[in-house]
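Inspection log for the structure reproduced underneath, given as structure tokens.
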Amino acid sequence: MDNVTRFWRSVSKTTGCWLWTGTVNADGYGLAHNVQGIVLAHRIAWTLARGPIPAGMCVLHSCDVAACVNPGHLFLGTRADNCRDRAAKGRTVASHCYGLANGKARLTDDEVAEIRRLYVPGQGVGKLAASFGIAHSTLINIAVGRRRIGGPS
């Protein structure tokens, strides 16, 4: 049996989502083997149905079902698109999402800019941190650029 046939044999096709019936990871995404090793099943489904995935692109789910490999439910996007999509749908956002695209963000971009404007090295930061409702270590990390890197300043 060829690899393509073997792949699709691990899929339960319905009129909606096509569910991966093989191994899944802790987040519920299907895991399959190919020449690169273990790969997310929905990425293999995209490649089989639509061709290569451009470098740096993610394969996203319009249905939000992690185990779905239906090519009609998949679309390409950047990591930023993936972060925005997850945030807009109220789902947990991975740590590689910066700024307001991260669902755990508590400060607006304007507040981050204000922290950087007001911070004075060597002076106490307790009151400033308290005014933003964050720990003083978090305030220092934001002020010196160790946090919110990659997002707007």
Side-chain angles (χ1 to χ4, degrees), residues 7 11 16-153:
F7 176 85
V11 176
C17 292
W18 297 359
L19 300 178
W20 180 253
T21 61
T23 303
V24 296
N25 68 15
D27 296 321
Y29 290 93
L31 298 174
H33 294 273
N34 73 6
V35 295
Q36 298 169 323
I38 298 174
V39 179
L40 293 168
H42 64 282
R43 291 180 66 85
I44 293 175
W46 176 276
T47 301
L48 292 174
R50 305 232 171 115
I53 301 166
M57 296 300 281
C58 299
V59 178
L60 288 66
H61 290 85
S62 61
C63 61
D64 290 334
V65 176
C68 181
V69 296
N70 182 341
H73 292 189
L74 305 175
F75 64 100
L76 292 178
T78 64
R79 280 184 179 251
D81 294 333
N82 197 20
C83 292
R84 281 188 292 273
D85 183 57
R86 285 186 285 190
K89 294 172 180 172
R91 294 186 295 123
T92 303
V93 180
S95 62
H96 63 265
C97 299
Y98 299 105
L100 295 176
N102 186 316
K104 295 181 180 180
R106 294 190 355 207
L107 300 173
T108 67
D109 292 335
D110 289 341
E111 288 170 321
V112 168
E114 185 71 0
I115 287 170
R116 290 181 177 156
R117 187 182 71 75
L118 295 173
Y119 173 73
V120 178
Q123 291 192 359
V125 297
K127 288 183 182 178
L128 184 58
S131 72
F132 286 96
I134 58 176
H136 74 279
S137 59
T138 301
L139 184 129
I140 292 170
N141 284 330
I142 289 170
V144 300
R146 286 192 296 258
R147 293 266 199 250
R148 296 291 283 258
I149 298 168
S153 298

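Sequence positions, counted from 1, serve as the residue numbers for this chain.
The line from CG of L60 to CG of D85 is 5.5 Å long, rounded to the nearest 0.5 Å. The distance from the CG atom of L139 to the OH atom of Y119 is 8.0 Å, given to the nearest 0.5 Å. Interatomic distance, CG of L76 versus CZ of R50, reported as 8.0 Å (0.5 Å rounding). In this structure, the separation between CG on L118 and CD on E111 is 11.5 Å, given to the nearest 0.5 Å. Rounding to the nearest 0.5 Å gives a distance of 9.0 Å between NE2 of H33 and CD1 of I44. With values rounded to the nearest 0.5 angstrom, H136 atom NE2 is found 12.0 Å from L128 atom CG.
The closest side-chain heavy-atom distance from L31 to V24 is not below 4.5 Å. The side-chain heavy atoms of T47 and V39, taken from C-beta on, include no pair separated by under 4.5 Å. You'll find the side chain of I134 reaches within 4.5 Å of the side chain of I142, heavy atoms only.
Shown here for F7 and A45, the closest heavy-atom pair between the two residues is CZ-N, 3.8 Å. Considering all non-hydrogen atoms of both residues, W46 and P52 come closest at NE1-O, 4.1 Å. The minimum heavy-atom distance between V11 and T21, with the atom names listed, is N-OG1, 4.0 Å. Between L107 and F132, the closest heavy-atom pair is CD2-O, 4.0 Å. Residues G72 and S62 approach most closely at O-OG, 4.4 Å, considering heavy atoms.
Using modelled atom types, one finds a donor on one side chain and an acceptor on the other under 3.5 Å when comparing T78 with D81.
More than 12 heavy atoms of other residues, nucleotides or ligands lie within 6.0 Å of NE2 in H73, so this atom counts as buried by the packing criterion.
D27 places no side-chain N or O within donor-acceptor distance of the main-chain N or O of Y29, the cut-off being under 3.5 Å. Using a distance-only test at 3.5 Å, with no hydrogens or angles considered, a donor-acceptor pair links the side chain of N70 to the main chain of G16. In terms of modelled atom types and a separation under 3.5 Å, the side chain of H42 and the main chain of H61 share no donor-acceptor contact.
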